[in-house]
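See structure below.
Just so it is clear, the model here is predicted, and its values are computed rather than measured. Numbering of ligands and ligand atoms starts at 1, following listing order. All values below were derived from every heavy atom in this structure, side-chain atoms included, with hydrogens, water molecules and symmetry-related copies excluded. Start at 1 with the first residue, then count along the sequence.
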Amino acid sequence: MNYAVLGGGRMGGALIRGMIASGMTSGERITVSSKTPESTAKAASLLGIVAASSNAAAVSTADVVFLCVKPVQSLEVLHAISKELTGKLVISIVAGIRSKALHEAAGEGVRIIRTMPNTAVRLRKGITAIAPDTSATPEDLEIARQIFSSVGSAIEVREEDLDTVTAVSGSGPAFALLMLESLAQGAVDGGLDPEHAKTFATGALAAAAALVHETGETPLALRAEITSPAGTTAAGLGVLEESGFPQAVRGAVRAARNRSIELSSNS
Ligand SMILES: NC(=O)c1ccc[n+]([C@@H]2O[C@H](COP(=O)([O-])OP(=O)(O)OC[C@H]3O[C@@H](n4cnc5c(N)ncnc54)[C@H](OP(=O)(O)O)[C@@H]3O)[C@@H](O)[C@H]2O)c1
C-alpha cells in the first residue's frame with residue numbers, strides 16, 4: 001500500500017510518525033506534499049518520507065491519500081487534483097468539512113472516509129473516530145481501521161457525531177492541559193518547585209485516565225473512593241463545584257462543537 005500525505009504539518013506529521021513507529025508501513029511508501037517545495041522538503045526529511053514536487057505528483061502513485069491541510073484549504077486542494085484522485089481512497093482528518101463537500105471538490109469516482117484523530121497518534125496512543133461515507137467500501141473501512149488502530153484506537157461513528165467527537169477528543173486534550181497547568185500552578189502556589197509541580201500534576205491526570213481505563217469503573221465511583229468525608233479531596237472538590245467547574249467544561253465542549261458545526265455549514 002502506498003500513501004500520500006497532503007499537508008505534512010503538525011497533525012499529518014503526527015499521524016505519519018505514529019504509522020512508521022508502529023511498523024505498519026515504512027517511510028519509502030509515504031509521499032508528502034506541503035504548500036511550498038521548502039516546507040515539503042522539511043517535512044520529508046523530518047519524517048523520513050519521500051518529498052513530492054506537487055500535490056498531483058504525491059497522489060499519482062498512492063492507493064490512500066491523507067488530506068491533512070487546514071479546513072480552509074481543503075476543498076481547493078482536492079479540486080485542483082480531482083483528475084488524479086479518480087479511483088483513490090481519500091481519508092480526511094480535516095475538522096468540520098463534510099463528506100458531501102469533499103465529494104463535490106474531489107469529483108466522481110473518489111471514495112471518502114472522514115476521520116477525527118487526536119494529537120496522541122504520534123505516540124501511538126491516539127483515539128480516532130472514523131466516519132465512512134457511502135462511497136467507501138467495507139475494504140476501505142478496514143484499511144482505515146488498520147491505519148488508525150496502528151496509532152492507538154479507532155472507533156466508528158456516524159458523520160453527524162463528528163462535531164461532538166471533534167469537541168471532546170480533538171479539542172479535549174487542550175481542555176485537559178488547561179486543567180493540568182492549573183493543577184501545577186496550584187502546587188507552585190503551595191510551595192513546590194515548578195518541575196515537581198508539573199510532574200505531580202501530570203501524574204494526577206495520568207492516574208485518573210489509567211484508573212478509568214484499567215478498572216472499568218465509572219469516574220464517579222472512582223472519585224468517591226478518593227473522597228473521604230470532610231477530607232482534603234472533599235474540600236477541593238467543593239471549591240470546583242461551587243465555582244461551576246463542571247458546567248464550564250461542558251460549556252467548552254458545547255462551544256467547540258458549535259464551532260465545528262459552524263465550520264461545516266460554511267463548506
Ligand atoms: N491539531 C489537532 O489536534 C488536530 C486534530 C484533528 C484534526 N486536525 C485537522 O488536521 C488538519 C491540519 O491541522 P494542523 O494542526 O496539522 O495544521 P498545520 O500544522 O498548519 O498543517 C497544515 C499543513 O498543510 C500544508 N498546506 C497548506 N496549503 C497547502 C496546499 N495548498 N497543498 C498542500 N499542503 C498545504 C501546510 O504547508 P506549510 O507548512 O507550507 O504551510 C502544512 O504543512 C486540520 O484540517 C485540522 O482540522 C487537527
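- The shortest N or O to N or O distance between Thr119 and ligand 1 is not below 3.5 Å.
- Between Glu159 and Arg98, no side-chain nitrogen of the basic residue sits less than 4.0 Å from a carboxylate oxygen of the acidic one, so the salt-bridge criterion is not met.
- One option in Val5, Val69, Ile93 has a heavy atom closer to atom 44 (C) of ligand 1 than any other, and that option is Val69.
- Ligand-side atoms of ligand 1 in range of Ser33: 33 (C), 34 (N), range being under 4.0 angstrom from any heavy atom.
- Ligand 1 has no atom lying under 4.0 Å from any heavy atom of Asn118.
- Summarising the contacts of atom 42 (C) of ligand 1 with Ser54, Pro71, Gly9, Pro37, the nearest heavy atom is found in Gly9.
- Looking at Val94 next to ligand 1, no N or O pair under 3.5 Å apart turns up.
- The existence of a salt bridge linking Glu104 and Lys100 is confirmed by a sub-4.0 Å separation between a basic side-chain nitrogen and an acidic carboxylate oxygen.
- Checking Ala80, Pro117, Ala174, Cys68 against atom 12 (C) of ligand 1, the nearest heavy atom belongs to Cys68.
- Under the 4.0 Å criterion applied to side-chain N and carboxylate O atoms, Arg111 and Asp140 are assigned as salt-bridge partners.
- Taking a cutoff of 4.0 Å between a charged side-chain nitrogen and a carboxylate oxygen, Arg145 and Glu156 qualify as a salt bridge.
- Both the backbone and the side chain of Ala95 come within contact range of ligand 1, each with a heavy atom under 4.0 Å.
- Checked by distance only, ligand 1 and Met11 come closer than 3.5 Å through their nitrogen or oxygen atoms.
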